[in-house]
Amino acid sequence: MNTEKILVTRTTMPPYEEYIEAIRPLWDSHWITNMGKYHRELEKALTGYLDVPELSLMVNGHMALEMTIQAFDFPEGAEVITTPFTFISTTHAIVRNHLQPVFCDVKESDGTIDEDRIEELITEKTVAILPVHVYGNVCNVEAIQKIADKYSLKVIYDAAHAFGVTYNGKGIGNYGDAAVFSFHATKVYNTIEGGAVAFSDHRLYDRLYNLKNFGIRGEELVVSIGANAKMNEFSAIMGLCNLKHVDDAIRGRKKRWELYAEKLSGTEGIRLFERRGETVHNYAYFPVLVKKDFRMTRDELYQCLREENIYPRKYFYPLTSDQACFKNKYKRTELDAARRLAEEILVLPLYPELEQKELKRIIDILSGNR
Ligand code: T4K
């Protein structure tokens with residue numbers, strides 16, 4: 001058996017010397033945080049790369065979500081319609097803002113929120129919709145915006161998986177009132193830990209700035225209550241270095257993604273998600289659905305791969321609404337499709353350096369060729 005573990009992903013890093021050279025100036029300036037030179041540079045560079053009107057950098061994707069929700073100043077106890085088929089951060093961010101998540105079912109075709117089920121969940125307490133572009137699959141942004149406009153709701157996208165995705169020729173961060181990205185080590189693009197919020201209303205820039213920096217606006221002036229969610233200079237420099245290589249990284253992912261898709265799309269009992277047209281994808285993950293007619297269950301396949309030193313992940317099982325901290329706490333809604341996906345999902349290893357022979361080994365196991 002191959003002894004090297006193949007994990008679900010592997011952090012993409014710039015060449016060692018490149019990063020070391022890039023951080024050298026920090027030893028001259030001794031300025032390593034609090035919106036320094038590189039923080040400003042990265043904010044500008046990412047505004048361009050993501051093709052968004054404005055952007056605010058944050059210490060991580062989760063705090064970016066929390067701060068964004070907080071920036072809208074929703075009344076305590078208000079309801080936010082969201083998806084349970086996501087990483088726990090999405091739901092935590094709502095609840096930690098003293099708001100009530102209302103879980104909406106998702107579409108089996110792509111795992112994103114089912115826009116046809118949103119309206120029935122709206123009450124006089126609803127203030128926002130918080131969908132997730134899960135795996136970089138683009139939500140039905142047009143339909144969601146239409147509903148939001150009809151009921152005067154805010155739309156905050158969790159775009160943690162959608163770095164670099166474009167839809168209809170526009171960066172994905174242009175949709176909704178705000179879109180939140182994660183630059184965690186496990187993502188297509190990383191700043192070690194990091195995140196950002198994209199938006200078009202300039203007032204959000206100031207609100208987020210205050211929220212991420214204690215509301216400080218001068219040595220003797222604190223204008224509002226805030227936390228500390230700033231990105232430091234080592235992370236910002238990592239971001240600047242990684243940005244130079246991210247297109248190559250996405251190309252590397254694409255090549256591997258396409259090989260998986262080509263070889264697995266005909267496999268009995270394995271289904272792939274559909275993707276919307278007009279999308280430039282980032283190939284962030286390779287999720288498969290293990291259906292009843294596959295020769296083993298999802299959990300048996302998960303175990304079988306682990307025995308081969310291959311470590312896929314069940315992103316996202318269980319649903320966040322079924323996690324111990326949330327179970328039976330919020331309004332009961334029908335989540336049949338989401339539950340089915342959570343039972344069938346398996347995310348296979350995908351990263352730019354994943355070797356062809358390893359990729360082939362994974363494909364062979366799934367295809368029953370070994
Ligand atoms: N919204 C959504 C929809 C999200 O998916 C996430 C994060 C967020 C919001 C919040 O964003 P952040 O606050 O995280 O910026 C991982 C990530 O920690 C998390 O960022 C990510 N979603 C989630 C889907 O996956 P775990 O618990 O699976 O991570 P872990 O430590 O098991 O790592 C997974 C694999 O990644 C490892 O097997 C190997 C590789 N890895 C991991 C680390 C930490 C590396 O190669 N290098 C590393 O440094 O949560």
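Residue numbers count from 1 along this sequence. Since we're looking at a predicted model, the values are computed, not measured. In each ligand, atom 1 is the first atom listed, and ligand 1 is the first ligand listed.
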key: Distance-only polar pair, side chains of Asn168 and Tyr175, donor-acceptor under 3.5 Å   =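 Checked: Asn168/Tyr175 side chains show no N/O donor-acceptor pair below 3.5 Å.
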request  = Would you tell me whether Thr279 and His281 have side-chain atoms, one donor and one acceptor, within less than 3.5 Å of each other?
outcome  =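 Thr279 vs His281: no donor-acceptor pair found between side chains.
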Shortest protein contact, [atom] (heavy atom only):
{"atom": "atom 25 (O) of ligand 1", "answer": "Tyr315 OH, 3.5 Å"}
{"atom": "atom 6 (C) of ligand 1", "answer": "Phe87 CD2, 3.3 Å"}
{"atom": "atom 1 (N) of ligand 1", "answer": "Asp158 OD2, 2.7 Å"}
{"atom": "atom 32 (O) of ligand 1", "answer": "Arg313 NH1, 2.8 Å"}

Which bit of [X] is near ligand 1, meaning a heavy atom under 4.0 Å away: side chain, backbone, both or neither?
{"X": "Thr9", "value": "both"}
{"X": "Thr11", "value": "both"}
{"X": "His161", "value": "side chain"}
{"X": "Lys187", "value": "side chain"}

Using a 4.0 Å cut-off to any heavy atom of [X], which atoms of ligand 1 qualify?
{"X": "Ser89", "answer": "8 (C), 9 (C), 10 (C)"}
{"X": "Arg10", "answer": "46 (O)"}
{"X": "Ser182", "answer": "11 (O), 12 (P), 15 (O)"}
{"X": "Gly194", "answer": "15 (O)"}
{"X": "His62", "answer": "10 (C), 11 (O), 12 (P), 13 (O)"}
{"X": "Thr86", "answer": "3 (C)"}

Carboxylate-amine/guanidinium contact Asp336 Arg340, below 4.0 Å =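 No, Asp336 and Arg340 are not salt-bridged.
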inquiry  = Please evaluate residues Arg117 and Glu334 with respect to the criterion side-chain contact (heavy atoms from CB on, under 4.5 Å), reporting the C-alpha separation (whole Å), side-chain torsions for both, the decisive distance (0.1 Å), and the verdict.
reply    = CA-CA 10 Å; Arg117 306 297 300 273; Glu334 194 259 292; 3.0 Å; yes
Measure the acute angle between the ring planes of [X] and [Y], then classify it against the limits of 30° and 60° as parallel, tilted or perpendicular.
{"X": "Phe234", "Y": "Trp27", "result": "perpendicular"}
{"X": "Phe286", "Y": "Trp257", "result": "perpendicular"}
{"X": "Phe163", "Y": "Tyr189", "result": "parallel"}

task = Report the residues that fulfil side-chain contact (heavy atoms from CB on, under 4.5 Å) with Ala64, sequence neighbours left out, ordered by chain and then residue number.
result =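 Ala64: side-chain contact (heavy atoms from CB on, under 4.5 Å) contacts with Met58, Val180, Val197.
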message = Using the rule given for salt bridge (charged side-chain N to carboxylate O under 4.0 Å, His left out), can you reason through Arg361 versus Glu4, listing the C-alpha separation, both sets of side-chain angles and the distance that settles it, and then say yes or no?
response = CA-CA 13 Å; Arg361 199 157 67 89; Glu4 200 165 316; over 6 Å; no
inquiry  = I'd like the name of whichever of Ile88, Thr91, Thr186 reaches closest to atom 41 (N) of ligand 1 through any heavy atom.
reply    =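 Going through Ile88, Thr91, Thr186 one by one, Thr186 has the nearest heavy atom to atom 41 (N) of ligand 1.
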request  = Return the option from Val8, Leu7, Thr90 holding the heavy atom at the smallest distance from atom 35 (C) of ligand 1.
outcome  =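 Going through Val8, Leu7, Thr90 one by one, Val8 has the nearest heavy atom to atom 35 (C) of ligand 1.
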query = Which pair of non-hydrogen atoms, one from Tyr285 and one from Leu350, has the smallest distance, and what is that distance?
reply =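 Smallest heavy-atom distance, with atoms named: C-CD2, 3.7 Å.
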key: Inter- and intrachain pairs under salt bridge (charged side-chain N to carboxylate O under 4.0 Å, His left out), touching residues 55-66, at least two apart   =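 Passing the test, one end in residues 55-66: Glu66-Arg96.
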Polar proximity ligand 1 side, [X] side, N/O cut 3.5 Å exclusive:
{"X": "Glu193", "result": "no"}
{"X": "His184", "result": "yes"}
{"X": "Phe316", "result": "no"}

task = Check the pair Thr166, Asp51 against side-chain contact (heavy atoms from CB on, under 4.5 Å), reporting the backbone distance first and the verdict last.
result = CA-CA 9 Å; Thr166 70; Asp51 175 33; 5.8 Å; no
Atom 11 (O) of ligand 1: any protein heavy atom closer than 4.0 Å =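 Flag for atom 11 (O) of ligand 1 set to true, protein heavy atom closer than 4.0 Å.
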